[in-house]
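Working notes, beginning with the structure itself.
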Amino acid sequence: MTEPVARMLGLATRELVAFTGAGGKSTLMMRLGDELARAGMRVLVTTTTKMGREQFEGLPAVCRSHEPSAVQAATASNYLVGLVTGGDDHKATGPPPGVVDELFAAVSIDYLLVEADGAHGLSLKAPGAHEPVIPAATTTVVVLMGVDAVGGRIVDVAHRPEQAAALTGLGIGDRLAVEDCVAVLTHEHGGLQGVPGNARVVVALTKTGSLSADRVAAQIEEALSAHQRISRVVIVPV
C-alpha cells in the first residue's frame with residue numbers, strides 16, 4: 001500500500017504548503033489535495049505562478065474570486081476547491097502571494113496548497129532572481145526534483161540551464177552527477193531560494209520506481225540527510 005502523501009511530508013493539522021522545483025509539482029499537489037479532501041479536510045489549491053488550466057478540470061469546485069467571502073463559501077460547500085483568478089485558454093493563474101497569506105489567515109480551511117514555481121516540464125530547477133513565488137505565511141516548502149536529471153546534460157534536463165551551470169560550476173553541456181544535483185537543491189540561490197525562515201523544507205525526489213532511479217534517489221537522500229535546513233527527504237513515484 002502506498003503511504004499517504006501527507007504522512008510522507010510530515011504535515012501538521014493545518015498548513016500552507018508551497019511546491020517548488022521541478023519534476024511533478026502539479027501532480028503531487030493535486031494528489032495530496034485529493035487525499036486530504038477524502039479524509040474530510042477542507043482544502044484550497046491554487047498557484048502564485050501559472051499552471052495548466054487542465055489541472056483544475058475535474059475538481060469538485062473552482063472559485064474565480066480571491067475575496068475571502070467567496071473562497072469561504074466555496075470551501076464550506078466542497079472539501080476540495082481550486083482557486084483560479086486569471087489566465088488564458090491554456091494557463092491558469094491565481095492570486096499573488098500576499099493575497100494567499102491573507103486567505104490562509106481569514107478562511108476556515110485545513111490546508112492551502114500552492115504551486116509556487118514553474119519548470120516547463122523539466123526535472124531540475126535553478127530559479128531566476130524572481131523565483132520561486134512563495135507566500136510569506138508558508139509553513140512547509142516541498143522542493144521537487146526528478147531523479148532522471150542525474151546523468152543528463154544540464155541543457156537538456158534543467159530549467160534555466162545557465163543558472164544551474166553557475167550553481168554547479170559546470171558548463172551547460174556537461175552531465176549532472178548526484179553531487180551536482182545536491183548542490184542545486186541545497187544552494188541558497190537554488191532549491192532554498194525564497195524559503196521563509198520559519199518554514200519546514202521537504203525535498204521530494206520524483207520519477208522513481210525503477211531499480212536505477214531508486215538507487216540514485218537513495219544516494220541523494222543520503223547526501224541530504226545531514227543538511228540542517230532540510231527536515232526530511234521523501235521518495236515518490238510521480
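Hydrogens, waters and symmetry mates play no part in the numbers below; they use all other heavy atoms, side chains included.
Residues Met8 and Val233 fall into different hydrophobic clusters, defined by Ile, Leu, Val, Met, Phe, Trp and Tyr side chains chained together at heavy-atom separations under 4.5 Å. Under a hydrophobic clustering in which Ile, Leu, Val, Met, Phe, Trp and Tyr are joined whenever their side-chain heavy atoms come within less than 4.5 Å, directly or via other members, Val202 and Tyr111 fall into the same cluster. Following chains of ILVMFWY side-chain contacts shorter than 4.5 Å, one cannot reach Ile220 starting from Val234, and the two form parts of different hydrophobic clusters.
Contacts classified as side chain to side chain donor-acceptor pair (under 3.5 Å) and involving residues 51-80 (residues at least two apart or in different chains) are not found. Applying the salt bridge (Lys or Arg N to Asp or Glu O under 4.0 Å) test to every pair with at least one member in residues 179-206, sequence neighbours left out, gives no pairs at all. Legend: side chain to side chain donor-acceptor pair (under 3.5 Å) pairs involving residues 6-24, not counting sequence neighbours, sorted by first then second residue: Glu15-Thr139, Glu15-Thr140. For residues 142-164, the salt bridge (Lys or Arg N to Asp or Glu O under 4.0 Å) pairs, not counting sequence neighbours, are Glu131-Arg160, Asp148-Lys207, Arg153-Asp156.
Residue Ile134 comes nearest to Gly194 through the heavy atom pair CD1-O, 3.5 Å, listed as atom of the first residue, atom of the second, then distance. Nearest heavy atom pair, residue Ala217 against residue Thr208, reads CB-CG2, 4.0 Å. Here the shortest heavy-atom pairing between Val195 and Arg229 reads CG1-NH2, 3.6 Å. Here the shortest heavy-atom pairing between Ile235 and Ala218 reads CD1-N, 4.4 Å. Residues Val150 and Cys181 approach most closely at CG2-SG, 3.7 Å, considering heavy atoms. Taking both residues in full, the closest heavy atoms of Thr138 and Pro135 are given as OG1-O, 2.7 Å, listed atom of the first, atom of the second, then distance.
With sequence neighbours left out, the salt bridge (charged side-chain N to carboxylate O under 4.0 Å, His left out) criterion links Asp110 to no other residue. Judged as a side chain to side chain donor-acceptor pair (under 3.5 Å), and not counting sequence neighbours, Arg215 has no contacts. For Val133, the side-chain contact (heavy atoms from CB on, under 4.5 Å) test picks out Thr48, Thr49, Pro97, with sequence neighbours left out. Gln163 is linked by a side chain to side chain donor-acceptor pair (under 3.5 Å) to nothing, counting only residues two or more places apart in sequence or in another chain.
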TODO: For Leu113 and Val43, run side-chain contact (heavy atoms from CB on, under 4.5 Å): C-alpha distance rounded to whole Å, both residues' side-chain angles, the deciding distance at 0.1 Å, then the answer.
DONE: CA-CA 7 Å; Leu113 311 181; Val43 184; 3.9 Å; yes
- [ ] Show your reasoning for whether side-chain contact (heavy atoms from CB on, under 4.5 Å) applies to Val141 and Val143.
- [x] CA-CA 6 Å; Val141 177; Val143 185; 4.0 Å; yes
Task: Test side-chain contact (heavy atoms from CB on, under 4.5 Å) applied to Val236 and Val5, step by step - done: CA-CA 9 Å; Val236 291; Val5 177; 5.8 Å; no
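Residues Val142 and Val203 are not in side-chain contact: their nearest non-hydrogen atoms beyond the backbone lie 4.5 Å or more apart. Contact check for Thr206 versus Val147: no side-chain heavy atoms found under the 4.5 Å cut-off.
Taking CG of Leu11 as the start and CD of Glu35 as the end, the distance is 8.5 Å to the nearest 0.5 Å. Taken from CG in Leu205 to CG in Leu144, the straight-line distance is 8.5 Å, to the nearest 0.5 Å. Distance NE2/His159 to CG/Leu122: 7.5 Å, rounded to 0.5 Å. Remark: Phe19 CZ to Leu9 CG distance equals 6.5 Å, nearest 0.5 Å.
Counting only distance, with no hydrogens or angles, the side chain of Asp117 and the backbone of Pro132 share no donor-acceptor pair below 3.5 Å. The main-chain N or O of Val201 is found under 3.5 Å from a side-chain atom of Ser231 such that the two form a donor-acceptor pair. Checking side-chain atoms of Gln193 against main-chain N and O of His130 turns up no donor-acceptor pair under 3.5 Å. Proximity of a side-chain donor or acceptor of Lys125 to a complementary backbone N or O of Met145 within less than 3.5 Å is not detected.
Taking Ile, Leu, Val, Met, Phe, Trp and Tyr as hydrophobic and joining them when side-chain heavy atoms fall under 4.5 Å apart, one finds Val107 in a cluster with Leu16, Leu44, Val71, Val81, Leu83, Val99, Val100, Leu103, Phe104, Ile109, Leu112, Val114.
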Please output the side-chain donor-acceptor pairs of residues 166-173 that fall under 3.5 Å, not counting sequence neighbours, one pair per line with the distance.
from   : atom 1 : to     : atom 2 : distance (Å)
Thr168 : OG1    : Ala164 : O      : 3.0
Thr168 : OG1    : Ala165 : O      : 3.2
Thr168 : OG1    : Leu170 : N      : 3.4

Counting only pairs under 3.5 Å, give me each side-chain donor-acceptor contact of residues 84-91, with atom names and distances, residues two or more places apart or in other chains.
from  : atom 1 : to    : atom 2 : distance (Å)
Thr85 : OG1    : Gly94 : O      : 3.3
Asp88 : OD1    : His90 : N      : 2.8
Asp88 : OD1    : Lys91 : N      : 2.6

Pair up each side-chain donor or acceptor in residues 23-31 with any protein partner under 3.5 Å, not counting sequence neighbours, and list the distances.
from  : atom 1 : to     : atom 2 : distance (Å)
Lys25 : NZ     : Gly21  : O      : 2.9
Ser26 : OG     : Glu115 : OE1    : 2.4

